[in-house]
Amino acid sequence: MAKFLVVRQLPRLHTQRSAFERDWQTPWPRTSSARALIWRPQADVHEYAEQFVIKVELAGMRDAAIEVTLHDGVLYVSGQREEHCPSQGVHIHELGINYGHFELEFAIRAPIDEAAISARYDDGMLIITLPKSNPAQAEPRRITIEQTNV
């Protein structure tokens with residue numbers, strides 16, 4: 001089994017605390033600014049014989065609002081889910097849906113075919129396929145130890 005490391009990046013704690021305190025002291029209806037700082041979509045990582053598949057739940061988004069990049073062995077999924085709620089004349093009774101910017105990181109510690117990575121967005125699910133590649137098996141090489149005059 002290959003090694004696949006899911007890196008969870010959290011915002012700085014003092015930023016979270018300040019936002020929570022600000023929202024807590026704000027009378028209802030409260031904004032969702034504190035929740036937006038820590039929004040993290042749910043994701044699954046599956047390993048198959050010939051590929052990895054990452055599924056990210058992103059209901060209510062358009063594919064143009066999602067970005068997938070690979071840099072130095074780390075796959076980044078980021079985007080912005082916009083809130084479509086009128087700001088005046090509405091009383092909020094419950095806030096359960098997260099909005100705002102998000103970013104996920106997946107550190108890939110297995111050889112993959114970077115040119116063959118694909119992603120599709122369908123029915124609120126982003127599905128990223130990372131085909132495995134066969135690393136070139138290097139022949140063992142004997143290292144000569146040089147003698148020093150001591």
Side-chain angles (χ1 to χ4, degrees), residues 1-140:
M1 183 182 306
K3 292 183 180 178
F4 200 97
L5 176 66
V6 178
V7 177
R8 310 236 186 247
Q9 184 179 31
L10 297 176
R12 295 185 177 149
L13 289 178
H14 67 82
T15 305
Q16 280 183 347
R17 192 181 80 211
S18 298
F20 281 125
E21 288 173 354
R22 182 178 57 249
D23 275 2
W24 186 255
Q25 295 169 359
T26 304
W28 288 93
R30 295 181 186 161
T31 65
S32 58
S33 63
R35 290 170 42 253
L37 287 173
I38 58 171
W39 181 47
R40 181 179 165 70
Q42 297 297 311
D44 293 339
V45 179
H46 299 268
E47 181 178 0
Y48 299 93
E50 297 186 9
Q51 65 189 8
F52 290 99
V53 175
I54 300 173
K55 297 177 183 179
V56 184
E57 185 180 44
L58 295 171
M61 294 189 66
R62 292 188 173 90
D63 56 355
I66 304 167
E67 185 173 319
V68 179
T69 57
L70 180 69
H71 181 68
D72 289 337
V74 179
L75 183 80
Y76 297 92
V77 178
S78 61
Q80 179 91 10
R81 181 159 50 193
E82 300 294 332
E83 186 171 10
H84 302 287
C85 181
S87 59
Q88 294 184 359
V90 64
H91 296 282
I92 299 171
H93 295 277
E94 185 170 338
L95 296 172
I97 300 172
N98 293 299
Y99 297 96
H101 180 77
F102 69 89
E103 184 171 304
L104 301 173
E105 298 177 7
F106 302 92
I108 303 164
R109 302 288 183 243
I112 59 167
D113 183 357
E114 293 184 10
I117 296 174
S118 65
R120 65 182 164 84
Y121 183 66
D122 189 31
D123 288 332
M125 294 294 287
L126 175 66
I127 300 170
I128 306 165
T129 303
L130 302 107
K132 293 180 181 179
S133 68
N134 295 325
Q137 297 208 349
E139 293 292 322

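Values below: all heavy atoms of this structure, side chains included; hydrogens, waters and symmetry mates excluded. Note that the structure is a prediction, hence the values are computed from the model and not measured.
- With values rounded to the nearest 0.5 angstrom, L104 atom CG is found 9.5 Å from Q42 atom CD.
- Rounded to the nearest 0.5 angstrom, L58 CG and L126 CG are separated by 6.0 Å.
- Looking at Y121, its side chain never comes within 3.5 Å of a backbone N or O of I66 through a donor-acceptor pair.
- Sparse packing is recorded around NE2 of H71, with 12 or fewer heavy atoms of other residues, nucleotides or ligands lying under 6.0 Å away.
- Summarising the geometry of A43 relative to V56, their closest heavy-atom pair is CB-CG2, 4.2 Å, with the distance given to 0.1 Å.
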Tell me, with the steps shown, if R40 and F102 meet side chain to side chain contact (heavy atoms under 4.5 Å, CB included).
CA-CA 6 Å; R40 181 179 165 70; F102 69 89; over 6 Å; no

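- Within the 4.5 Å cutoff, the side chain of I127 has no heavy atoms near those of the D122 side chain.
- Rounding to the nearest 0.5 angstrom, the gap separating the CZ atom in R120 from the OG1 atom in T129 is 6.5 Å.
- In this structure, the side chains of V77 and I54 stay at 4.5 Å or more apart for every pair of heavy atoms.
- Note that the CG atom of L130 and the CG atom of L75 stand 6.0 Å from one another [nearest 0.5 Å].
- The side-chain heavy atoms of E47 and V45, taken from C-beta on, include no pair separated by under 4.5 Å.
- The side-chain heavy atoms of Y99 and E82, taken from C-beta on, include no pair separated by under 4.5 Å.
- Residues K55 and E57 fail the side-chain proximity criterion, which asks for heavy atoms closer than 4.5 Å.
- Atoms CH2 and CD1, from W39 and I97 in turn, are 10.5 Å apart once rounded to the nearest 0.5 Å.
- Rounded to the nearest 0.5 angstrom, I128 CD1 and F106 CZ are separated by 6.5 Å.
- Within the 3.5 Å criterion, the main-chain N or O of A65 finds no donor-acceptor partner in the side chain of R81.
- By the 4.5 Å heavy-atom criterion applied to side chains, Q80 and H101 are counted as neighbours.
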